[in-house]
K.L.:
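I'd like to ask you about the structure that follows.
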Amino acid sequence: MIFVDEFGANLGMTRLYGYAPSGQRAYGKAPENADPNLTLVLGLGLQGVVAPVVFEGAMNRPRFETYAQEYLAPVLRPGDIVLVDRLRPRLYPEVRAAIEATGADYHPLPPYSPVEECGSKIKQTLRTAGQRTVVGVLDAMDRALLQVTPKDAEGWFCHAGYLDRPPRPRPQRRGTPRSRAPRRRTPRKRRARDPPTPSPRGAVCTKPNHESL
């Protein structure tokens with residue numbers, strides 16, 4: 001299964017939160033003009049990122065057709081399942097024909113997919129890098145894509161419900177277990193009650209006299 005989606009980036013991406021010593025402010029810088037906007041389109045499989053491409057501007061029909069025909073289709077194999085979202089550039093018959101010509105299946109993307117978590121990790125790396133030039137952003141994207149490992153992809157697939165997470169083995173204790181002797185229960189000592197206090201008339205009142213009421 002290969003999930004395809006795109007993510008936007010610009011020259012003004014920076015960390016949203018910061019840390020500073022107690023009693024001091026955390027400062028950061030971001031340009032007022034964050035143009036140009038860059039679009040990163042990629043596929044995510046169990047082995048990691050597939051066919052990443054970056055271009056300037058927003059995604060439209062001609063660009064997605066070019067991506068499907070020239071970048072995504074060459075890396076597909078018969079039996080692959082390609083899932084995309086329901087945006088209009090994905091639903092044109094030319095895109096479907098380019099994917100299905102390789103022997104892969106083409107389906108609309110479900111509401112929640114693991115590629116969203118992949119994009120979140122890439123964007124976090126771009127915010128941390130804080131590059132202010134196109135070349136710097138492209139280099140940061142390259143480093144972010146290299147940080148996506150097959151273990152990350154497997155975890156995202158499991159979190160989205162497409163894989164069964166294997167049960168965690170219980171930790172085994174070292175050494176032989178020791179047998180414990182049964183504990184002896186000691187009888188509890190009853191607390192001695194206070195003796196009844198004599199009434200002012202000299203008699204000891206132990207029970208209420210209901211007849212006198």
K.L.:
Do Y106 and R90 touch side chain to side chain, with heavy atoms closer than 4.5 Å?
P.N.:
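With C-beta onward as the side chain, the pair touches.
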
K.L.:
So, do D80 and T102 sit near enough that their side-chain heavy atoms are less than 4.5 Å apart?
P.N.:
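Counting from C-beta outward, D80 and T102 never come under 4.5 Å.
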
K.L.:
Please find the pair of heavy atoms, one from L83 and one from M1, that lie closest to each other, and give the distance.
P.N.:
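For L83 versus M1, the nearest heavy atoms are CD1-CE, 3.4 Å.
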
K.L.:
For G12 versus A30, what's the shortest heavy-atom pair and its separation?
P.N.:
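Answer, listing the atom of G12 first, then A30: O-CB, 4.2 Å.
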
K.L.:
Compare every heavy atom of D35 with every heavy atom of L11, then report the nearest pair and how far apart it is.
P.N.:
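It is CD1-O, 3.2 Å.
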
K.L.:
What are the two closest heavy atoms between G18 and A26, and how far apart are they?
P.N.:
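The pair with the smallest heavy-atom distance is C-CB, 4.0 Å.
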
K.L.:
Identify the heavy atoms of P52 and L42 that sit nearest to each other, and give their distance.
P.N.:
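Closest heavy-atom pair between P52 and L42: CA-CB, 4.0 Å.
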
K.L.:
Does any pair with a residue in residues 55-76 pass salt bridge (Lys or Arg N to Asp or Glu O under 4.0 Å), and if so which ones, sequence neighbours excluded?
P.N.:
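Sorted result for residues 55-76: R61-E65, R61-E94.
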
K.L.:
Check whether any side-chain heavy atom of W156 sits under 4.5 Å from a side-chain heavy atom of V115, and report yes or no.
P.N.:
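W156 does not reach V115 side chain to side chain.
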
K.L.:
If you take all heavy atoms of L44 and F157, which pair is closest and at what distance?
P.N.:
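Closest heavy-atom pair between L44 and F157: O-CZ, 3.9 Å.
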
K.L.:
Flag the pair D5 / S113 as yes when at least one side-chain heavy-atom distance between them is below 4.5 Å, and no otherwise.
P.N.:
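No, their side chains stay 4.5 Å or more apart.
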
K.L.:
Evaluate the ring planes of Y71 and Y67, with Trp represented by its six-membered ring, and classify them as parallel (under 30°), tilted (30 to 60°) or perpendicular (over 60°).
P.N.:
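Parallel.
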
